[in-house]
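Okay, structure first, notes after.
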2 protein chains.
Amino acid sequence: MTVPDISDYLPHIAFDSVIFGFSKGQLKILLMEYHATGWYALPGGFVGVKEGLNQAVERGLKERTGLENIYLEQFYTFGDFNRHGAEVMKRILEANGYAVNESYWLLDRFISVAYYALIDVEKVTLQPDSLSDSIGWYPIDALPQLIFDHQQIVTKALDTLRYHLDRKLIGGKLLPEKFTMNDLQRVYEAILGEKLRRTSFQRKLLGLDILKRHEKHFTGKSHKAPYLYSFK
Amino acid sequence: MTVPDISDYLPHIAFDSVIFGFSKGQLKILLMEYHATGWYALPGGFVGVKEGLNQAVERGLKERTGLENIYLEQFYTFGDFNRHGAEVMKRILEANGYAVNESYWLLDRFISVAYYALIDVEKVTLQPDSLSDSIGWYPIDALPQLIFDHQQIVTKALDTLRYHLDRKLIGGKLLPEKFTMNDLQRVYEAILGEKLRRTSFQRKLLGLDILKRHEKHFTGKSHKAPYLYSFK
DNA sequence: TATTATTGTCTCAATATGTAACAATAGACC
DNA sequence: GGTCTATTGTTACATATTGAGACAATAATA
């Protein structure tokens with residue numbers, strides 16, 4: 001495994017992805033943990049010199065999660081002069097056994113285009129990259145400390161997700177194909193961070209005429225079985 | 001006047017601004033017309049090697065309009081590989097008397113971060129840059145043909161403005177400090193591209209409790225004089 | 001068969017919005 | 001001054017949407 005070469009990528013330009021998933025009633029995101037340093041970061045990458053920006057992000061997502069055709073939305077480009085800490089990057093590279101000199105391109109100042117993605121956690125097989133020990137899911141309200149301005153990027157991603165929630169039909173992207181109304185309500189509650197009224201929620205979602213009702217789902221519990229739904 | 005030097009700016013990174021104004025009942029944007037070529041483009045610029053992205057855009061806006069502390073919002077970063085046409089850029093430079101060779105940095109592929117701004121047209125003094133003949137206001141629904149993907153950038157800016165209109169209190173940014181309810185309604189109508197109901201509009205805006213009522217405004221017309229308002 | 005937990009639907013009140021009506025009034029015209 | 005016209009601020013009523021609770025249906029258990 002070699003250290004990335006500047007000639008393959010556009011200098012000073014990066015992307016970061018906030019990849020949302022939902023499991024055990026919690027909204028979670030994917031984080032990478034770097035070798036030896038114990039530092040956490042958003043999965044990201046660089047743009048090939050002949051590659052489109054969106055294509056680069058889709059490529060990165062596929063490398064990390066194995067998934068294609070994911071719901072992906074660009075939400076902000078972070079460009080403060082001091083956002084990228086050269087000393088942090090240097091320690092990460094050194095901890096991986098790379099001896100880098102002061103002019104190595106990864107130590108330069110970077111502008112990062114941030115995307116958020118919504119995926120069904122059941123469909124994912126996680127793939128750490130060469131610099132990181134592990135990649136895993138972390139609940140949005142109990143994240144470890146992140147490098148650079150990545151916490152700010154996560155916060156803005158969540159704000160944007162909430163802002164889009166009732167205008168775009170994205171709530172179901174975090175669930176499998178078929179789900180119950182209760183599943184969907186818990187996703188909305190996890191995103192918004194507040195409890196919703198069951199009857200209002202059901203009436204509203206059904207009123208949008210975007211759900212298709214399927215057979216009942218028998219859980220084995222001793223009560224009325226809910227219907228399964230999918231998005232039309 | 002010299003041709004921009006690569007060493008001052010980050011390569012492959014640009015910004016473009018869609019600067020909205022309102023006059024004579026129409027929503028307009030600022031466009032530059034390049035020397036000799038007759039081509040039109042959004043005012044844009046580059047990011048200094050030690051300059052923040054937002055600071056670069058504010059600097060560009062001040063250079064073109066003389067204005068500071070403007071309402072400015074980043075809305076998308078355009079990064080398709082083929083969005084930047086080298087031959088178009090070359091002709092613009094040549095028409096300005098610069099002999100550029102094939103490796104000149106402005107001919108490279110660029111990723112552009114796009115912003116929109118809302119300003120009061122009365123407060124602006126327009127300043128063309130070194131490559132352009134003129135800068136002026138053009139009605140949003142009768143734009144000349146624009147270079148690169150700038151028409152797409154304008155379309156997305158307008159979509160975003162409409163999307164934000166009732167969530168952020170931005171309608172008044174296009175008007176002077178004090179305005180009548182009718183002025184404000186015509187701004188909303190120009191942005192949304194549709195007629196609004198007078199009474200509903202008035203009730204809604206007053207109900208938001210964001211307007212301060214001032215003295216009446218006597219226009220000289222033979223009818224009841226409207227109140228002036230400002231944003232709280 | 002009675003019990004329990006949860007679901008789907010309905011009802012009524014509260015709030016917001018669409019639509020029209022109406023009185024107030026600044027200037028024009030006589 | 002009195003009358004007319006255009007526009008404004010406000011109110012009234014119908015309609016649509018949402019909040020909050022009530023209630024019957026039902027899958028498994030005892």
Side-chain angles (χ1 to χ4, degrees), chain A residues 24-25 162-169 171-172 175-232, chain B residues 22 24-25 162-169 171-172 175-176 178-232:
Chain A
K24 301 200 180 74
R162 286 176 177 162
Y163 187 71
H164 287 169
L165 185 58
D166 56 339
R167 301 240 204 163
K168 314 194 179 198
L169 303 169
L175 292 170
E177 165 100 24
K178 290 184 182 179
F179 48 85
T180 68
M181 195 60 77
N182 194 15
D183 293 337
L184 189 58
Q185 182 177 344
R186 284 189 300 155
V187 167
Y188 271 70
E189 289 174 342
I191 292 175
L192 294 174
E194 59 182 332
K195 287 280 177 192
L196 299 175
R197 199 157 284 275
R198 183 181 64 91
T199 53
S200 299
F201 182 79
Q202 180 142 206
R203 176 175 50 189
K204 181 164 190 168
L205 268 290
L206 290 177
L208 291 176
D209 198 39
I210 52 170
L211 294 179
K212 184 176 174 188
R213 179 177 282 183
H214 299 276
E215 72 280 5
K216 288 190 173 188
H217 177 242
F218 296 90
T219 59
K221 301 282 179 60
S222 65
H223 53 73
K224 190 173 179 179
Y227 289 104
L228 286 174
Y229 295 90
S230 67
F231 281 89
K232 281 182 179 171
Chain B
F22 181 78
K24 301 204 180 70
R162 286 175 178 162
Y163 187 71
H164 287 168
L165 185 58
D166 57 338
R167 301 240 204 164
K168 314 194 176 195
L169 303 170
L175 291 170
K178 291 185 181 179
F179 48 85
T180 68
M181 195 60 77
N182 194 12
D183 293 336
L184 190 58
Q185 182 177 344
R186 284 189 301 156
V187 167
Y188 272 70
E189 288 174 342
I191 292 174
L192 295 173
E194 59 183 331
K195 286 280 176 192
L196 299 175
R197 200 157 283 274
R198 183 182 64 93
T199 53
S200 299
F201 182 79
Q202 179 143 205
R203 176 176 49 190
K204 182 163 191 170
L205 268 289
L206 290 177
L208 292 176
D209 198 37
I210 53 169
L211 294 179
K212 185 175 173 189
R213 179 177 283 181
H214 299 275
E215 72 281 4
K216 289 191 172 187
H217 175 63
F218 297 90
T219 58
K221 300 283 179 60
S222 64
H223 54 71
K224 190 174 179 179
Y227 289 105
L228 287 174
Y229 295 89
S230 66
F231 281 89
K232 280 180 180 172

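To find a chain, count down the sequence lines: A is the first, B the second, and so on, and within it residues start at 1.
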Protein-nucleotides 1-6 of chain C N/O pairs closer than 3.5 Å?
from  : atom 1 : to     : atom 2 : distance (Å)
C:dT4 : O2     : A:S222 : O      : 3.1

Q. So is A:R167 actually on top of B:Y163's ring, under 6.0 Å and inside 45° of the axis?
A. yes

(Q) Taking side chain to side chain donor-acceptor pair (under 3.5 Å) as the definition, give me every residue that meets it alongside B:K168, ordered by chain and number, with sequence neighbours left out. (A) B:E73

Q) When rounded to the nearest 0.5 angstrom, what is the spacing between CG in B:N182 and CD in B:Q202? A) 9.5 Å

Q | Members of residues 214-221 of chain B that approach DNA chain C, where some heavy atom sits under 4.0 Å away | A | B:K216, B:F218, B:G220, B:K221

Q. Run the ring-ring contact (aromatic ring centres under 6.0 Å, His included) check on B:F22 and B:F179 step by step: do they pass?
A. CA-CA 13 Å; B:F22 181 78; B:F179 48 85; over 10 Å; no

Q. Under the side-chain hydrogen bond (donor to acceptor under 3.5 Å, both in side chains) rule, what pairs show up with a residue in residues 220-232 of chain B, not counting sequence neighbours?
A. B:D209-B:K232, B:R213-B:Y229, B:H214-B:S230

Q. Can you name the salt bridge (Lys or Arg N to Asp or Glu O under 4.0 Å) partners of B:K212, sequence neighbours left out?
A. none

Q. With sequence neighbours excluded, what pairs up with A:E194 under the salt bridge (Lys or Arg N to Asp or Glu O under 4.0 Å) test?
A. none

Q) What are the 5'-most and 3'-most nucleotides of DNA chain D lying under 4.0 Å from any heavy atom of chain A? A) D:dT18 to D:dA28

Q. For A:Y188, what residues pass the ring pair (Phe, Tyr, Trp, His ring centres under 6.0 Å) criterion, not counting sequence neighbours?
A. A:F201

Q: Measure the distance from CG on B:L208 to P on C:dT17 and round it to the nearest whole Å.
A: 9 Å

Q: Report the residues that fulfil side chain to side chain donor-acceptor pair (under 3.5 Å) with B:E189, sequence neighbours left out, ordered by chain and then residue number.
A: B:Q185

Q) Excluding sequence neighbours, so at least two apart, what forms side chain to side chain donor-acceptor pair (under 3.5 Å) with B:H217? A) none

Do any N or O atoms of the protein come closer than 3.5 Å to N or O atoms of nucleotides 18-20 of chain C, and which pairs are they?
from   : atom 1 : to     : atom 2 : distance (Å)
C:dG18 : N7     : B:R203 : NH2    : 2.9
C:dG18 : O6     : B:R203 : NH1    : 3.2
C:dT19 : OP2    : B:R197 : NE     : 3.3
C:dT19 : OP2    : B:R197 : NH2    : 3.2

Q) What's the spacing between B:T180 OG1 and B:R186 CZ if we round to 0.5 Å? A) 7.0 Å

Q | Contacts of A:S200 that satisfy side-chain contact (heavy atoms from CB on, under 4.5 Å) - sequence neighbours left out | A | A:R197, A:R203

